[in-house]
Amino acid sequence: MRGGNTGTGSSRQGGYTQAMDLVEALRLQCEWGADEALLATPQDRRVSAPPPAAVAAPAKRPAARPATHPGAPLPAGPAEAAALAASCQTLDELKAALNGFTGCALRDTATQLVFADGAEDAQVIVVGEAPGAEEDRAGRPFIGPAGQLLDRMLGSIGLDRGKIRIINTVPWRPPGNRTPSDAEIALCLPFLHRHIALIRPRILLSLGAVATKALLPEAGAQGIRRLRGTLRETNIAGLESPLPCLPSYHPAYLLRTPMAKSESWQDLLQLREWLETPIITKT
Ligand code: URA
């Protein structure tokens, strides 16, 4: 989430007690996920808020609109997301559809959509979890520290960004870098599937538990440590046959757990070997 702005600039005005209140207010915003100031000038929203008397109570509470009211817009849910995604015939259409999709609340706190990076005819699609702060600012996936490690990892088996496609399970940054919820993932899944179906890669590399769970729902509660390194198949809406999917560790995990890099290296070698195996076409 962007947007913490508690007005610490005026913290000295009201003495020690008020300063403490402001610190508490700032701490609370941080707990909610605010991690970046939006405005150059601090604003004390408590001071600029209209005095209570100015906020007149509504004379009469409006009657609740029934959910079935003919004109009531329904919030876009997974079914609407699936229909919208399925209607996209090109990647540009998919990007425009996502930009106009209001069903996922993550877009409200993100700076912008982080659609994808890399080749539109890639043989490999790398699927991450969600954009972080740097990706959110730049509108490109995997450009922060985890992305730089990913570049080095892929480079070690002769792949670079220009040759592969990089996308995320959810294309908007969750506030405070929290894990996207199951509901958010479900809303974004049709777009992820459509992205994959439009590119028609040979293989998917799913990085971390979130992407792997989204792409291999039948793997159930099994953790990434169990799933990594084993090639599986996944059904992608819009593709006639299942796609191979290789789960591996997320580079952000590898940054925190360098010991796991050797397992990750084994996974990459497996990916390279798989890509080097000639495609046998039936005659
Ligand atoms: N982590 C991800 O999963 N995706 C990004 O784009 C950046 C960090």
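Residue numbers run from 1 in the order of the sequence given. Side chains included, hydrogens not; waters and symmetry mates left out as well; all remaining heavy atoms used.
Going from atom CG of Leu98 over to atom SG of Cys188 covers 7.0 Å, rounded to the nearest 0.5 Å. Atom CD of Gln222 and atom OG1 of Thr230 lie 9.0 Å apart (nearest 0.5 Å). To the nearest 0.5 Å, atoms NE2 (His195) and CD1 (Ile167) are separated by 5.0 Å. In this structure, the separation between CG on Leu254 and CZ on Arg152 is 10.5 Å, given to the nearest 0.5 Å. Put simply, CD1 on Ile224 and OG1 on Thr212 are 3.5 Å apart, with the number rounded to the nearest 0.5 Å. Glu93 contributes atom CD, which lies 9.5 Å from atom CG of Leu91 (distance to the nearest 0.5 angstrom).
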task: Applying side-chain contact (heavy atoms from CB on, under 4.5 Å), run through Asn177 and Arg173 and close with a yes or a no.
output: CA-CA 7 Å; Asn177 288 348; Arg173 181 193 181 204; 2.8 Å; yes
task: Walk me through it: do Leu216 and Cys245 pass the test side-chain contact (heavy atoms from CB on, under 4.5 Å)?
output: CA-CA 8 Å; Leu216 300 170; Cys245 176; 4.2 Å; yes
task: Dump the intermediate steps for side-chain contact (heavy atoms from CB on, under 4.5 Å) on Leu204 and Val126, then the final yes or no.
output: CA-CA 6 Å; Leu204 304 172; Val126 175; over 6 Å; no
Residues Arg165, Glu120; criterion side-chain contact (heavy atoms from CB on, under 4.5 Å); working and verdict: CA-CA 7 Å; Arg165 187 77 167 173; Glu120 297 194 352; 3.7 Å; yes
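Judged purely by atom type and a 3.5 angstrom limit, Arg107 uses its side chain to pair as donor or acceptor with the backbone of Phe101. When atom types are taken as modelled, the side chain of Ser206 and the backbone of Gly128 share no donor-acceptor pair closer than 3.5 angstrom. Although no hydrogens or angles enter the test, the distance criterion places a donor-acceptor pair under 3.5 Å between the side chain of Gln112 and the main chain of Asp136. Here the side chain of Glu276 pairs no donor or acceptor atom with the backbone of Glu273 at under 3.5 angstrom. The backbone N or O of Leu215 lies less than 3.5 Å from a partner atom in the side chain of Thr234, making a donor-acceptor pair. Here the side chain of Lys95 pairs no donor or acceptor atom with the backbone of Ala116 at under 3.5 angstrom. Checking side-chain atoms of Ser264 against main-chain N and O of Ala260 turns up no donor-acceptor pair under 3.5 Å. Looking at Gln123, its side chain never comes within 3.5 Å of a backbone N or O of Ile164 through a donor-acceptor pair. With hydrogens and angles ignored, the 3.5 Å screen pairs no side-chain donor or acceptor of Arg228 with any backbone N or O of Asp267.
Residues Leu269 and Met153 share a single hydrophobic cluster, defined by chaining ILVMFWY side chains whose heavy atoms lie under 4.5 Å apart. By the rule that hydrophobic residues join a cluster once side-chain heavy atoms approach within less than 4.5 Å of another member, Ile166 and Leu189 end up as members of separate clusters. Each of Ile199 and Trp274 belongs to its own hydrophobic cluster when Ile, Leu, Val, Met, Phe, Trp and Tyr are linked at side-chain heavy-atom distances under 4.5 angstrom. Linking ILVMFWY side-chain heavy atoms closer than 4.5 Å, directly or via other members, places Leu94 and Leu243 in a single hydrophobic cluster. With hydrophobic clusters built from ILVMFWY side chains whose heavy atoms lie under 4.5 angstrom apart, Leu159 shares a cluster with Tyr249.
A 4.5 Å side-chain heavy-atom check between Val127 and Leu192 finds at least one atom pair inside the cut-off. Contact annotation: the side chain of Ser156 approaches that of Trp265 to within less than 4.5 Å [non-hydrogen atoms, C-beta and beyond]. Side-chain contact check for Val114 versus Trp172: every heavy-atom pair is 4.5 Å or farther apart. A heavy-atom distance below 4.5 Å is found between the side chains of Arg232 and Leu227. The side-chain heavy atoms of Gln148 and Ile143, taken from C-beta on, include no pair separated by under 4.5 Å. Side-chain contact check for Leu205 versus Ile125: every heavy-atom pair is 4.5 Å or farther apart. By the 4.5 Å heavy-atom criterion applied to side chains, Leu154 and Asp160 are not counted as neighbours. You'll find the side chain of Leu275 stays beyond 4.5 Å of the side chain of Ile157, heavy atoms only.
Looking at every heavy atom in both residues, Leu198 comes nearest to Gln89 through CD2-O, 3.4 Å. Closest approach of Asn168 and Glu129 over heavy atoms only: OD1-N, 3.2 Å. The minimum heavy-atom distance between Pro190 and Ala186, with the atom names listed, is CD-O, 3.3 Å. Contact record, Leu150 with Pro251: CB-CG, 4.1 Å, taken as the closest heavy-atom pair. Listed here is the closest heavy atom pair of Ala197 and Ala237: CB-O, 3.5 Å. Of all heavy-atom pairs between Cys104 and Leu187, the closest is CA-CD1, 4.1 Å.
By the neighbour-count criterion of 12 heavy atoms within 6.0 Å, atom CZ of Arg225 is sparsely surrounded, having that number or fewer from other residues, nucleotides or ligands.
The pair Asp182-Lys213 meets the salt-bridge criterion, with a side-chain N (NZ, NE, NH1 or NH2) lying under 4.0 Å from an Asp/Glu carboxylate O. Classification of Arg178 and Glu184 as a salt-bridged pair holds, one side-chain N sitting under 4.0 Å from a carboxylate O.
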